[in-house]
Every structure is written in C-alpha cells, then in structure tokens.
Amino acid sequence: MKKLRVLLVDDEIMIREGFKRLFDWEAHDCEVVGEAADGMEALSKIDALNPDIAIMDINIPIMNGLKVIQLSRIKHPDTAFIIVSGYDDFSYCREALRLQITDYILKPVNYEEFGCCIDNLKIALFQHHSSRKQDPQEERTITGLTRYLQEHLAEEISLSVLADEFHLSAQYISQLFKNEIGVNFLAYLTNIRMEKAKQLLLSTNLSIAEVSEQAGYGDYRVFTKAFKKSEGITPSQYRRDFPL
C-alpha cells in the first residue's frame with residue numbers, strides 16, 4: 001500500500017512540530033508532505049499537494065478551518081480531513097459532521113488515540129477504493145477474508161480461525177492485511193466491531209451487554225473499555241450524545 005500524504009494545518013508551530021516529531025508517521029505508512037499556518041495558505045497547499053489527509057485546526061487566521069474544508073471539498077472530494085481543536089464545542093462538532101469530517105480530536109493530542117484514528121481512516125479508504133489495481137488472487141482473498149469477518153462478527157475470530165477456514169497460513173493472512181489495507185489484522189477487526197457496535201447503539205434498544213455480544217465481545221466490560229479507547233467516550237455516552 002502506498003504511503004498516505006499528509007498536510008499539517010495549524011498556526012502554532014509547536015503543534016505542527018509535535019505532530020512531526022512525536023507521532024511515528026512511518027509506522028502508519030504516512031508521510032508529512034507540507035504545512036500551512038493559515039486558511040489561505042492551507043487552501044493553496046491543498047491545491048498544490050492534493051494530500052490524502054489534511055490535519056486541520058479550526059481556529060486559524062484569515063479563514064477558519066471549517067471554511068477551508070468546505071471550499072476544498074469542491075476540488076478535492078477524496079481528501080480526508082481530521083480536525084484537531086482546542087474547542088470542545090458541540091456546534092463545531094455538528095458542523096464538522098455536516099462536512100463529513102473523518103474525526104474530531106481535542107488538544108492536547110493523545111498520539112495513541114490519533115494512531116487509531118489514522119488506522120481507521122486507512123480502513124475506510126481501502127473500503128472506498130478497493131477497486132484499485134492489485135494482484136487478482138490477493139484481491140479475491142482479502143475480499144473473502146473481510147466478508148467472512150463481517151458475517152461472523154459475533155463469534156470468536158482470530159488469525160488461526162481464518163487460517164483454518166481459508167487454508168492459508170496465519171502469517172500470510174497477517175501480511176495480506178498489512179499490505180492491502182495498511183493496518184494489522186487486529187486493528188481492522190477492532191474497527192469493524194466498533195462500527196457494528198455504533199450502528200446497534202443508535203438503531204436499536206439493545207442493552208450494552210447485548211450490543212457487546214453482537215459486536216463480538218463476550219465480556220461487556222472488555223467491550224466498554226475497548227469502545228472508550230476507540231471513540232473517546234463510553235457506549236452509554238455515545239448512545240446519549242449521538243441520537244438518530
């Protein structure tokens with residue numbers, strides 16, 4: 001999988017330097033290709049560099065980050081935007097959701113959580129662009145693997161289970177996830193389990209324990225801990241704060 005190109009947009013140079021120095025972009029198959037300190041510069045850099053991801057502060061000079069995103073969507077619909085803001089303000093979050101922001105992260109940045117965000121984004125990009133050129137056999141295999149995971153999400157799933165089911169080595173399957181999707185098997189499995197859980201929390205009246213079970217977690221306490229690590233809030237808070 002090719003490296004994802006990243007643009008950093010923040011008027012605070014220390015924030016930009018923090019992202020460059022404190023986060024292991026290489027480990028997540030990404031590279032920082034540019035920086036911008038205000039809204040006009042950000043628009044110009046997005047046009048010139050066409051990044052896969054733009055890490056965007058809201059409160060930047062000349063033009064705020066949300067306006068930059070709104071204008072950039074016209075010419076660069078495939079660029080993913082992650083907002084990093086010091087404002088825990090629901091009106092900002094609501095506008096960000098309207099603009100289909102990939103994620104909304106509060107400062108100071110927790111780089112472990114940010115890494116999960118980047119991995120989830122890579123999974124989403126894979127799912128949207130899975131028609132790209134690749135080895136036909138590997139394409140069929142990864143499609144079969146991901147379909148199997150979706151259909152057996154409530155069951156106990158591991159690399160060894162997949163290896164037995166598909167008559168492949170666990171090591172080969174592990175490498176296939178890394179090469180074709182850009183994240184490891186466990187990160188992918190956790191992502192689709194969280195997506196299933198969020199869908200159930202918002203569209204059903206199932207208890208947290210029942211949601212946990214359908215998302216593949218036998219122990220709802222383990223599920224709650226994993227959900228909070230992934231989403232930043234508990235399942236109960238998610239159901240309360242994001243009603244349909």
Side-chain angles (χ1 to χ4, degrees), residues 1-6 23-31 52-53 78 80 82 102-103 111-201 203-204 206 209-231 235:
M1 184 176 185
K2 73 178 182 71
K3 283 187 179 180
L4 296 179
R5 294 156 49 79
V6 179
F23 184 69
D24 191 346
W25 296 101
E26 186 73 27
H28 291 266
D29 298 315
C30 296
E31 60 177 335
D52 298 297
I53 307 169
D78 292 332
I82 298 173
T102 298
D103 216 329
Y111 288 102
E112 183 181 352
E113 289 179 10
F114 181 72
C116 292
C117 168
I118 293 293
D119 285 346
N120 290 344
L121 173 55
K122 286 195 293 186
I123 292 167
L125 289 173
F126 166 78
Q127 290 168 340
H128 283 108
H129 304 291
S130 57
S131 60
R132 69 195 188 282
K133 289 182 181 179
Q134 59 186 171
D135 180 278
Q137 180 60 45
E138 291 191 345
E139 181 180 5
R140 284 194 295 272
T141 304
I142 197 72
T143 300
L145 289 165
T146 54
R147 184 182 295 123
Y148 181 89
L149 292 178
Q150 290 284 1
E151 292 173 355
H152 297 81
L153 210 53
E155 302 168 19
E156 187 172 330
I157 304 173
S158 65
L159 280 173
S160 60
V161 169
L162 291 179
D164 288 345
E165 183 70 26
F166 286 83
H167 308 292
L168 298 166
S169 76
Q171 185 179 1
Y172 174 76
I173 294 172
S174 176
Q175 196 60 49
L176 199 57
F177 271 91
K178 187 65 178 171
N179 291 346
E180 298 301 319
I181 303 179
V183 300
N184 65 37
F185 164 73
L186 186 57
Y188 183 84
L189 179 59
T190 300
N191 174 272
I192 61 173
R193 281 183 163 160
M194 290 301 116
E195 291 304 312
K196 176 70 172 180
K198 287 190 287 186
Q199 179 247 319
L200 291 172
L201 287 167
S203 63
T204 74
L206 294 173
E210 289 170 323
V211 169
S212 167
E213 214 168 277
Q214 289 200 27
Y217 291 87
D219 187 333
Y220 78 92
R221 290 164 298 189
V222 173
F223 164 67
T224 298
K225 186 176 179 181
F227 191 94
K228 187 168 185 181
K229 181 179 179 183
S230 172
E231 306 301 320

Close side-chain approach of [X] and [Y], heavy atoms under 4.5 Å:
X: I82; Y: I118; answer: yes
X: K3; Y: C30; answer: no
X: L4; Y: K122; answer: yes

If you take the centroid of each ring, where Trp contributes its six-membered ring, are W25 and F114 closer together than 6.0 Å? yes
Would you say the side-chain atoms of D52 pair up with the backbone N or O of R5, donor to acceptor, closer than 3.5 Å?
yes
Exercise for the section: Please confirm whether the backbone N or O of A170 pairs with a side-chain atom of S174, one donor and one acceptor, at under 3.5 Å? Expected result: no
Next on the checklist: One pair to check against side chain to side chain contact (heavy atoms under 4.5 Å, CB included): L176 and F185. What are the steps and the verdict?
Outcome noted: CA-CA 9 Å; L176 199 57; F185 164 73; over 6 Å; no
Roughly how far, to the nearest 0.5 Å, is the [atom2] atom of [Y] from the [atom1] atom of [X]?
X: C117; Y: H28; atom1: SG; atom2: NE2; value: 10.5 Å
X: L189; Y: N184; atom1: CG; atom2: CG; value: 10.0 Å
X: S230; Y: R193; atom1: OG; atom2: CZ; value: 13.0 Å
X: Q175; Y: E180; atom1: CD; atom2: CD; value: 10.0 Å
X: I181; Y: D29; atom1: CD1; atom2: CG; value: 12.5 Å
X: L168; Y: L159; atom1: CG; atom2: CG; value: 11.5 Å

Applying side chain to side chain contact (heavy atoms under 4.5 Å, CB included) to Y220 and not counting sequence neighbours gives A209, S212, T224
L206 meets the side chain to side chain contact (heavy atoms under 4.5 Å, CB included) criterion, sequence neighbours left out, with L200, T204, E210, V211, Q214
ring-ring contact (aromatic ring centres under 6.0 Å, His included) filter on Y217, not counting sequence neighbours, yields F223
Hits for ring-ring contact (aromatic ring centres under 6.0 Å, His included) against Y188, two or more places apart or cross-chain, chain-then-number order -> F177
Using salt bridge (Lys or Arg N to Asp or Glu O under 4.0 Å) as the criterion, list what pairs up with [X], not counting sequence neighbours.
X: K229; answer: E112
X: D219; answer: R221
X: K196; answer: none

So side-chain hydrogen bond (donor to acceptor under 3.5 Å, both in side chains) across residues 160-172, not counting sequence neighbours, yields S158-S160
Practice task
I would like to know whether K198 and F227 meet side chain to side chain contact (heavy atoms under 4.5 Å, CB included); could you show each step before the answer?
Solution key: CA-CA 9 Å; K198 287 190 287 186; F227 191 94; 3.8 Å; yes
Full working for side chain to side chain contact (heavy atoms under 4.5 Å, CB included) between V183 and I123
CA-CA 7 Å; V183 300; I123 292 167; 3.7 Å; yes
E213 meets the side-chain hydrogen bond (donor to acceptor under 3.5 Å, both in side chains) criterion, sequence neighbours left out, with none
Could you list the donor-acceptor pairs under 3.5 angstrom formed between side-chain atoms of residues 144-157 and any protein atom two or more places apart in sequence or on another chain?
{"unit_1": "T146", "atom_1": "OG1", "unit_2": "I142", "atom_2": "O", "d": "3.0"}
{"unit_1": "T146", "atom_1": "OG1", "unit_2": "T143", "atom_2": "O", "d": "3.1"}
{"unit_1": "H152", "atom_1": "ND1", "unit_2": "Y148", "atom_2": "O", "d": "2.9"}

